[in-house]
Amino acid sequence: MLKLIASSRIHRVHPTVLRPAHHSASPLLRVLSSLGGLSWRNANVGGRYFFCSDSSDGSDHVVDAGVQAAEESESKASAIVPTYPRPEDYLTVLALPLIHRPLFPGFYMPVFVKDPKLLAALQESRERQAPYAGAFLLKDEPEADPSVVSSSDADKNVYDLKGKELFNRLHEVGTLAQISSIHGDQVILIGHRRLRITEMVSEDPLTVKVDHLKDKTYNKDDDIIKATSFEVISTLRDVLKTSSLWRDHVQTYTKHIGDFTYPRLADFGAAISGANKLQCQQVLEELDVYKRLKLTLELVKKEMEISKIQESIAKAIEEKISGEQRRYLLNEQLKAIKKELGLETDDKTALTGKFRERIEPKREKCPPHILQVIDEELAKLQLLEASSSEFSVTRNYLDWLTALPWGEYSDENFDVTRAQKILDEDHYGLTDVKERILEFIAVGKLRGTSQGKIICLSGPPGVGKTSIGRSIARALNRKFFRFSVGGLADVAEIKGHRRTYIGAMPGKIVQCLKNVGTSNPLVLIDEIDKLGRGHAGDPASALLELLDPEQNANFLDHYLDVTIDLSKVLFVCTANVVEMIPNPLLDRMEVVAIAGYITDEKMHIARDYLEKTTREACGIKPEQVEVTDAALLALIENYCRESGVRNLQKHIEKIYRKIALQLVRQGEMIDATMLPIKDKVDSDELGQNAVQNKNSELVEGIDPEKESETSDEIHKVQSSDQSQCLEVAKESGGDKEIETKTIEQVLVDESNLTDFVGKPVFHAERIYDQTPVGVVMGLAWTAMGGSTLYIETTFVEEGEGKGTLHLTGQLGDVMKESAQIAHTVARRILLEREPENPFFANSKLHLHVPAGATPKDGPSAGSTMTTSLLSLAMKKPVKKDLAMTGEVTLTGKILPIGGVC
């Protein structure tokens with residue numbers, strides 16, 4: 001079996017001379033040879049023609065077939081071995097299957113024969129002076145695509161075909177091929193003439209009977225055939241100009257075949273084209289010379305198009321490469337010229353100059369150890385190659401070092417009155433925080449300079465911890481920088497990465513100093529009670545150095561690897577729950593608690609801050625909306641009982657959004673109502689003008705005697721028209737009044753508050769107008785800041801020795817213990833006041849704390865429970881405006897409660 005290399009479909013060997021070609025060749029040969037630039041003076045000189053075939057191991061072998069053929073037949077004058085009988089006398093031949101392309105008469109082809117029996121039969125035929133076999137192209141499998149190149153696995157499957165199966169896969173028309181030489185399993189074939197299979201003679205090896213085919217007769221002087229052949233030659237000429245491979249094919253073919261005839265021209269064009277095997281087989285099977293020339297013309301035309309595409313691709317790539325090379329050379333020359341003229345320096349010199357220019361204004365204020373590191377790194381940068389990785393690391397390091405504000409401080413404000421005004425502008429209340437900042441300013445004014453401090457603002461959400469930080473920075477005239485550490489689990493975010501890591505960066509504090517441009521900013525560290533802890537270290541421990549006034553004067557960042565003075569930085573931290581902050585870190589901070597806002601403070605904040613800001617954000621004018629104090633009070637008590645004002649702000653925004661929608665809808669409705677009225681007025685004006693014109697015409701066409709009567713009628717008509725216009729004007733005036741009324745001020749009061757914010761979330765907790773016997777109001781701590789609750793005690797039954805206490809209301813263990821203590825204390829107090837009263841000894845009591853679905857626990861209800869038991873025992877009600885809380889001891893002492901400022 002054989003496989004031709006795809007890139008050189010026609011392969012060259014060095015055969016002996018077939019027939020000498022001379023100047024008496026046909027006109028076609030002379031034209032084609034002149035087109036190919038051939039010289040026929042040395043036509044008898046044979047060239048070397050190489051074949052490339054696939055061996056069994058998949059490697060390519062190059063066989064110098066011409067040398068071997070010459071060694072075997074040195075005395076012969078032709079590559080075709082003269083045999084007797086003649087080739088046309090062979091009617092039974094061995095069938096050689098061709099996998100990739102058919103063999104055309106006059107061309108060489110190497111094949112590999114894997115069948116040992118077939119190879120032995122070919123060798124035997126050659127030794128018997130009958131070196132001929134039939135070469136037939138294999139048909140594709142029914143489901144195979146002929147345009148897809150077959151793989152080596154498919155070739156192996158073809159090698160396994162034998163006998164009848166192989167016979168059915170062969171095309172009927174093939175080529176009688178002379179066995180030129182056999183080397184191992186490689187057989188060199190030379191095509192002679194066309195054959196057609198008639199029947200199978202034997203199966204192993206496959207032998208078939210054939211008929212020799214001859215071309216149909218044709219007229220050499222036929223104009224159509226001539227024109228078609230000339231077009232083939234013209235196309236070949238164009239292809240020969242672009243492809244050197246084709247020129248080699250033409251030169252070799254003409255040397256060994258001789259005269260070009262019309263059939264040979266068609267075979268030549270099809271053989272050297274890049275068409276697939278089925279198209280080449282179609283040319284081989286065609287016996288009509290004109291049709292064969294047409295098929296060949298199509299193939300060479302397609303080759304011409306492929307050559308043009310190849311040439312355009314090569315030209316485009318060459319232009320691109322040459323353009324890039326030219327641009328590169330020009331840029332290099334420009335750099336060299338500028339460098340010689342002193343107009344431009346190289347990258348390293350420019351970088352060094354930029355860094356020196358950046359650090360020069362800070363040189364006097366910059367610490368000496370920082371200047372030493374910068375100078376060392378600049379000298380190191382000059383020694384490094386720009387393409388090395390160390391160069392980029394050093395460049396980035398110098399960029400950070402020279403960008404930091406060494407020794408640069410902003411001018412602080414020591415005016416206490418101005419600072420007080422700024423703090424009051426932004427926040428209402430927060431007296432403790434404001435007093436602490438004013439103290440900081442006062443100390444700085446007396447000392448002449450200020451030092452950094454670490455302040456922690458703790459309190460529930462929405463009380464203004466974060467927003468007060470920006471106001472403090474404005475009051476102190478310091479730059480402000482905020483970053484949150486909530487969920488932070490990497491120490492490198494605080495202290496930076498080592499420079500050896502890819503993408504290393506300094507920590508947040510160094511980034512802060514670079515962004516603000518001063519060494520004494522106000523840094524707000526938000527959510528410090530929500531620090532995380534992961535595999536990358538403990539950030540809370542890393543903050544110990546940062547927030548310690550004794551250590552942060554020499555803070556060491558891992559990236560910079562030089563100490564930084566942070567002693568002038570004012571750190572303000574925020575936290576919701578102080579207990580969540582690690583004790584060593586909490587010990588370094590000054591905690592300022594913000595418990596929340598009472599109702600009066602919320603009213604001021606809503607009226608002076610929140611409402612004004614929301615009104616401007618919604619684009620509503622102050623005269624368009626009025627929110628009463630009763631509405632704000634109801635909003636605070638029934639909807640927003642939280643300690644902060646964030647939820648209050650959301651509800652005020654909700655009210656103003658609905659008011660904005662209401663105003664827009666009313667405006668659109670007024671515009672729609674005024675449009676038909678305007679049209680009506682315009683039409684009435686047109687009608688009045690028409691009546692006047694008509695009256696003038698009537699006056700011109702009447703007699704003088706009837707003029708007075710007509711004038712009276714006209715006057716009546718005009719007066720009626722004027723009355724109608726007045727009515728329309730009144731209507732339009734009324735509409736304007738309606739319009740004025742619809743745009744009047746929107747009033748939000750307690751009665752219509754539910755239309756804007758929905759039903760109340762909280763309700764009044766007073767369920768008794770007059771407190772009954774055994775009922776006392778207590779005070780409780782909740783997430784909303786605190787609330788009131790009732791403790792109820794009632795009498796169940798009385799009997800000798802039945803003095804017990806039953807508890808309900810989903811009470812916790814601590815609260816149940818408080819109830820038992822309260823019961824004991826109440827019995828002792830009653831015994832002291834009324835020794836003869838056996839109420840607790842003989843009464844079964846039930847103590848309940850509503851609401852039953854809410855879990856309750858804590859010791860502070862002891863005093864309230866004791867009062868409730870005594871009220872029931874002494875049958876005396878408690879004052880309705882009295883509420884109490886506090887833990888009671890077994891001896892009757894009331895302990896102070898915690899969490900009340």
Worksheet item: Which pairs pass side chain to side chain donor-acceptor pair (under 3.5 Å) with one or both residues in residues 854-867, sequence neighbours excluded?
Response: none
Worksheet item: Any side chain to side chain donor-acceptor pair (under 3.5 Å) pairs touching residues 580-600, not counting sequence neighbours?
Response: R436-E590, D548-R588
Item to complete: List in chain and number order the residues that pass side-chain contact (heavy atoms from CB on, under 4.5 Å) with A630, two or more places apart in sequence or in another chain; answer none if no residue qualifies.
Response: T628, E750
Discussion item. Holding to salt bridge (Lys or Arg N to Asp or Glu O under 4.0 Å), I want the full list of residues that pass it with R828, two or more places apart in sequence or in another chain.
Written reply: E832
Worksheet item: Of all residues at least two apart in sequence or in a different chain, which pass the salt bridge (Lys or Arg N to Asp or Glu O under 4.0 Å) check with E817?
Response: none
Item to complete: Check the angle between the aromatic planes of H823 and F840 and answer parallel, tilted or perpendicular using the 30° and 60° thresholds.
Response: perpendicular
Worksheet, complete the sentence: With sequence neighbours left out, the residues meeting side-chain contact (heavy atoms from CB on, under 4.5 Å) with S567 are Q451, N552, A553, D565
Discussion item. Can you list everything that forms a side-chain contact (heavy atoms from CB on, under 4.5 Å) with T824? Sequence neighbours excluded, please.
Written reply: L890
Response to the item:
Which of I455, L586, L457 passes side chain to side chain contact (heavy atoms under 4.5 Å, CB included) with V591? Answer is L586
Worksheet, complete the sentence: Sorted by chain and residue number, the salt bridge (Lys or Arg N to Asp or Glu O under 4.0 Å) partners of K465 (sequence neighbours excluded) come out as none
Item to complete: With sequence neighbours left out, write down each residue that passes side-chain contact (heavy atoms from CB on, under 4.5 Å) with R474, or none if nothing qualifies.
Response: I422, E425, D426
Taking distance alone, no hydrogens or angles, what donor-acceptor pairs closer than 3.5 Å link side-chain atoms of residues 568-581 to residues at least two apart or in another chain?
from	atom 1	to	atom 2	distance (Å)
T574	OG1	D526	OD1	2.2
T574	OG1	E527	N	3.1
N576	OD1	K530	NZ	2.6
N576	ND2	G459	O	3.1

Discussion item. Can you pull out every side chain to side chain donor-acceptor pair (under 3.5 Å) where at least one residue sits in residues 879-888? Sequence neighbours excluded, please.
Written reply: none
Worksheet item: Under the salt bridge (Lys or Arg N to Asp or Glu O under 4.0 Å) test, which residues partner E412, sequence neighbours left out?
Response: R478
